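This report concerns only the one structure given below.
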Amino acid sequence: MTTAPERTADLYPTRGTEEVLIERKDPVVWSEPGTPGPIVAEDLAGFERDGFLAIDQLITPDEVSVYHAELERLIDDPTMRADDRSIVEPRSQEIRTIFEVHKISELFAKLAADPRVVGRARQILGSDVYIHQSRINVKPGFGASGFYWHSDFETWHAEDGLANMRTVSVSIALTKNHDTNGGLMIMPGSHKTFLGCEGATPKDNYKRSLQMQDAGIPSDGTLTSLASEYGIRLFTGEAGSATWFDCNAMHGSGDNITPFPRSNVFIVFNSVENTAVEPFAAPIRRPDYIGARDFTPVK
Ligand code: 6CS
Ligand code: FE
C-alpha cells in the first residue's frame, strides 16, 4: 500500500451540511499566453470564458469507424460485461459506461496520446498530463438514462483527491450527437464558481453514483439560479466532433429515448502538478480505474 501523499489545504469544501458557492481560485487556462499548441489564441480565450471548446472534426470519418468498431467490440465482449470497469444501465442492463478504456484498448490508448488530443490538454493545463479517467459512455438509446447536473471536479475533489481545478475532459463523438439523443449540456461560464454540495458522501458511493449520481448534485434552487444566470448550451455534432470542457463546468445530459445511440469516448487529463492526494470529502478512495493513482505522464 503506497503511503498517502500529504493532503493540501481544502480550497473547495463540499459535501457538508449546506450548499455553498465559492469563487474559483484556480486559473482556467494554465499555460502562459502565446504558449505554442494546437489551440489558436481566440479559441483558448473562448475556453477560458465559457469553460468549453467545441471542435467540428477532431478525428476523421475513417478514424471514427476504427474507434466505433473498437467500442462495439468492447461492449460485445462478455468478459467486459463481467468486468468491474463496466457499468450497466439500470433499466435495460445494457452497458452504459466502460472505464479505463485507455488501458483496456491499445486503440483508445493511441487516441489519448494523439497530439491532436494530448497536445490540447497540455496547452490548457500548462504542463505534462496524465490520464485521471477514461471511459466510453454508450448511451445506447431506447431509454438509456442520462447524467444529472454536476461538476466533475466536485466529485474528483471530494472522492478522488484532486486539490486544484487543473483537469480537463474531452468528449469525442463516435456516433452522431443529435439534438434529440441525449447530448452533453453545459452552462457556459459556470466553471468559474465552485458549488460545494450538501450531504456527506456515502461509503462506496461510486457503486450507485455512476448509474445515477445523488451525492454532489446541486439543489433545485441553486440549479435554477445557475441556469438562469448562465443559460444552457447543448452540444451536437457529427461523429468525429469533440467538446473540450473544464473540470468544473456544470454539465449533464438527458435520457436517450431515440433509436440512435449517443456513444462518446471521454478522456480526462490531469496536470502532473495536481496529482491525486487523499479524498477531500469521502471516507475512502474510489478504485483506481475511476480515479487513477498511476501518474505516469502521457508521452
Ligand atoms: O464520477 C465520475 O468520475 C463520473 N461521473 C460523472 C457523472 N461524470 C464524470 C465521471 O465520468
Ligand atoms: Fe460528468
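Atoms within a ligand are numbered from 1 in the order they appear, just like the ligands themselves. Predicted model, so just to flag it, every value in this text is computed and none were measured.
No N or O atom of Gln213 sits closer than 3.5 Å to an N or O atom of ligand 1. Some N or O of Trp156 is nearer than 3.5 Å to an N or O of ligand 1, by distance alone. Where the criterion is an N or O separation shorter than 3.5 Å, residue side chain and backbone included, Arg286 meets it with respect to ligand 1. For ligand 1, the polar-atom distance check against Asp160 finds no nitrogen or oxygen pair separated by under 3.5 Å.
Heavy atoms of Leu210 come nearer than 4.0 angstrom to ligand 1 in at least one pair.
Closest to atom 6 (C) of ligand 1, if we only count protein heavy atoms, is His150 NE2, 3.5 Å. Given atom 10 (C) of ligand 1, the protein heavy atom at minimum distance is Gln133 OE1, 3.2 Å. Nearest protein neighbour of atom 8 (N) of ligand 1, counting heavy atoms only, is Asp152 OD1, 3.0 Å.
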- Audit row: Trp244, Val117, side-chain contact (heavy atoms from CB on, under 4.5 Å) steps and yes/no: CA-CA 10 Å; Trp244 289 85; Val117 179; 4.2 Å; yes
- Any chance you could lay out the side-chain contact (heavy atoms from CB on, under 4.5 Å) test for Arg91 and Ser145, step after step, and finish with the verdict? CA-CA 8 Å; Arg91 257 172 18 91; Ser145 44; over 6 Å; no
- Task: Show the numbers, then the answer: is there a side-chain contact (heavy atoms from CB on, under 4.5 Å) between Leu174 and Val265?
- Result: CA-CA 7 Å; Leu174 297 182; Val265 54; 4.1 Å; yes
- Query: Could you go step by step and tell me if Thr201 and Arg15 meet the side chain to side chain donor-acceptor pair (under 3.5 Å) rule?
  - Reply: CA-CA 7 Å; Thr201 308; Arg15 307 206 182 167; 3.0 Å; yes
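Within Asp152, the N/O/S atom positioned nearest the Fe ion (ligand 2) carries the name OD1. With respect to the Fe ion (ligand 2), His150 has NE2 as its nearest N, O or S atom.
Under the 6.0 Å cut-off for aromatic ring centres, His132 and Phe269 do not qualify, their centroids lying 6.0 Å or more apart.
For Phe52, the ring pair (Phe, Tyr, Trp, His ring centres under 6.0 Å) partners are Phe235, not counting sequence neighbours.
Taking every heavy atom of Phe147 and a limit of under 4.0 angstrom, the matching atoms of ligand 1 come to 7 (C). Atoms of ligand 1 lying under 4.0 Å from any heavy atom of Thr155, numbered from 1 in the order shown and given with element: 1 (O).
Contacts between Glu159 and ligand 1, counted as non-hydrogen atom pairs separated by less than 4.0 Å, are absent for every part of the residue.
In this structure, His157 and Tyr12 have perpendicular ring planes: the angle between them is above 60°, well past the 30° mark.
Formation of a donor-acceptor pair under 3.5 Å by the Asn137 side chain with backbone atoms of Lys139 is not found in this model.
Environment of CG in Asp76: crowded, with over 12 heavy atoms of neighbouring residues, nucleotides or ligands closer than 6.0 Å.
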